[in-house]
Colleague: 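Below you'll find the structure I mean.
These numbers come from a predicted model, not from an experiment. FYI, side chains are in, hydrogens and waters are out, and symmetry mates aren't considered; it's all heavy atoms of this structure.
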Amino acid sequence: MARNKYPEITEERILQVAERLFLEKGYDNTTIQDIVDALGDLTKGAVYHHFKSKEEIMEAVGDRMFLRDNPFAAAAARKDLNGLEKIRASILLNQSDDARMEMTVQSMPILENPRFLAGMIKDNQQEIAPYLRRFLEEGIRDGSIRTEYPKELSEVIPLLTGLWMVPSLYPATAEEMMRKFRFLGTMLERMGVPVVNEELLNKLAPYFARLEQAQKH
């Protein structure tokens, strides 16, 4: 009865348990039954009432983690940074969240599903692009960024840093992913957005190594 009256509470419990299990055991090694057993008072049917599949749970876990500690919102709140620095800060904050980065690695296989891939593109457009456009326009005003294409870049950057860097879609070693990111940095610099620096590349190196390791399993 409580589940029907307060479905959001039940969904939150499912996501909390799923997040813990995915991080402890890995997405592939966690089953719906594992989630049911960890919850203790729900049946498998009750879990499926809220989420149609394990993939859908993973998608919801990722969304929940991002919204819980949104790095773009945190960067936007900084009064001591110019527009360019806010873009760098948001990326560095995102990469500094080890749990979210591990969950991103765990979620790579489900992006081969067109529905989830479309969801990622939509999330980038709705959640990330508006922040990037705001930062780009701030940078134009404060002089840290020189571009005539803030709107277009705010849409393209998430596509390239997201889809193009997903090894399950574009197979690549850690070295090749680093080269791709350097290429992206050169392209953005020529567009007047010199956002990629050595600090950022050094922060990304362990993440790319983890992605390469995950591809081998």
Side-chain angles (χ1 to χ4, degrees), residues 1-73 93-129 158-159 161-174 177 204 206-217:
M1 183 177 296
R3 185 176 66 250
N4 294 331
K5 190 173 181 181
Y6 304 107
E8 68 281 359
I9 295 176
T10 301
E11 290 177 6
E12 176 66 14
R13 289 185 59 222
I14 293 169
L15 295 179
Q16 286 178 348
V17 167
E19 178 181 331
R20 176 174 60 80
L21 291 175
F22 289 160
L23 290 172
E24 289 176 356
K25 301 178 59 174
Y27 172 77
D28 287 337
N29 295 324
T30 300
T31 66
I32 292 291
Q33 189 60 54
D34 290 332
I35 296 172
V36 170
D37 292 342
L39 286 163
D41 60 348
L42 290 180
T43 65
K44 187 179 290 188
V47 172
Y48 279 123
H49 174 76
H50 294 278
F51 299 99
K52 296 182 178 65
S53 64
K54 189 175 75 165
E55 290 84 357
E56 191 171 290
I57 293 175
M58 169 60 95
E59 185 180 31
V61 166
D63 290 345
R64 176 177 173 273
M65 294 179 77
F66 178 82
L67 294 173
R68 185 175 64 207
D69 297 297
N70 185 333
F72 294 90
L93 284 169
N94 190 54
Q95 294 301 132
S96 298
D97 190 326
D98 293 337
R100 186 162 63 238
M101 287 300 96
E102 179 59 27
M103 198 65 72
T104 300
V105 172
Q106 296 286 344
S107 69
M108 288 298 166
I110 74 171
L111 292 179
E112 296 178 14
N113 182 320
R115 190 181 80 78
F116 294 105
L117 183 60
M120 176 183 175
I121 295 171
K122 184 177 180 180
D123 288 344
N124 284 344
Q125 180 185 12
Q126 294 181 344
E127 300 292 341
I128 298 176
L159 287 175
T161 56
L163 298 181
W164 194 44
M165 304 303 292
V166 174
S168 58
L169 300 176
Y170 295 89
T173 64
M177 283 183 270
L204 286 164
Y207 173 62
F208 291 151
R210 179 70 184 89
L211 282 176
E212 180 179 11
Q213 181 185 27
Q215 288 184 85
K216 297 176 181 178
H217 292 85

Colleague: Under 4.0 Å between a side-chain nitrogen and a carboxylate oxygen: does that hold for Arg68 and Asp97?
Modeller: no
Colleague: Can you tell if the side chain of Phe51 reaches within under 4.5 Å of the side chain of Glu11, non-hydrogen atoms only?
Modeller: yes
Colleague: Do Glu127 and Asp63 come within less than 4.5 Å of each other through their side chains, counting heavy atoms only?
Modeller: no
Colleague: Between Lys54 and Thr31, is the side-chain contact (heavy atoms from CB on, under 4.5 Å) condition met? List the steps.
Modeller: CA-CA 8 Å; Lys54 189 175 75 165; Thr31 66; 5.8 Å; no
Colleague: Between Val36 and Gln33, is the side-chain contact (heavy atoms from CB on, under 4.5 Å) condition met? List the steps.
Modeller: CA-CA 5 Å; Val36 170; Gln33 189 60 54; 3.9 Å; yes
Colleague: In Å and rounded to the nearest 0.5 Å, what is the CG to CD distance from Asn29 to Glu24?
Modeller: 12.5 Å
Colleague: Among residues at least two apart in sequence or on other chains, which ones pass side-chain hydrogen bond (donor to acceptor under 3.5 Å, both in side chains) with Glu12?
Modeller: Gln16, Arg64
Colleague: Give, for atom CG of Leu15 and atom CZ of Phe22, the distance between the pair rounded to the nearest 0.5 Å.
Modeller: 9.0 Å
Colleague: What's the spacing between Leu163 CG and Met120 CE if we round to 0.5 Å?
Modeller: 5.0 Å
Colleague: What is the distance from atom CG of Leu23 to atom CZ of Arg100, rounded to the nearest 0.5 Å?
Modeller: 12.0 Å
Colleague: Checking Asp34 side chain against Thr30 main chain: does a donor-acceptor pair fall under 3.5 Å?
Modeller: no
Colleague: Out of curiosity, Asn70 CG to Asn94 CG, how far, rounded to the nearest 0.5 Å?
Modeller: 9.0 Å
Colleague: Is there a side-chain contact (heavy atoms from CB on, under 4.5 Å) between Met65 and Val61 once you walk through the steps?
Modeller: CA-CA 6 Å; Met65 294 179 77; Val61 166; 3.9 Å; yes
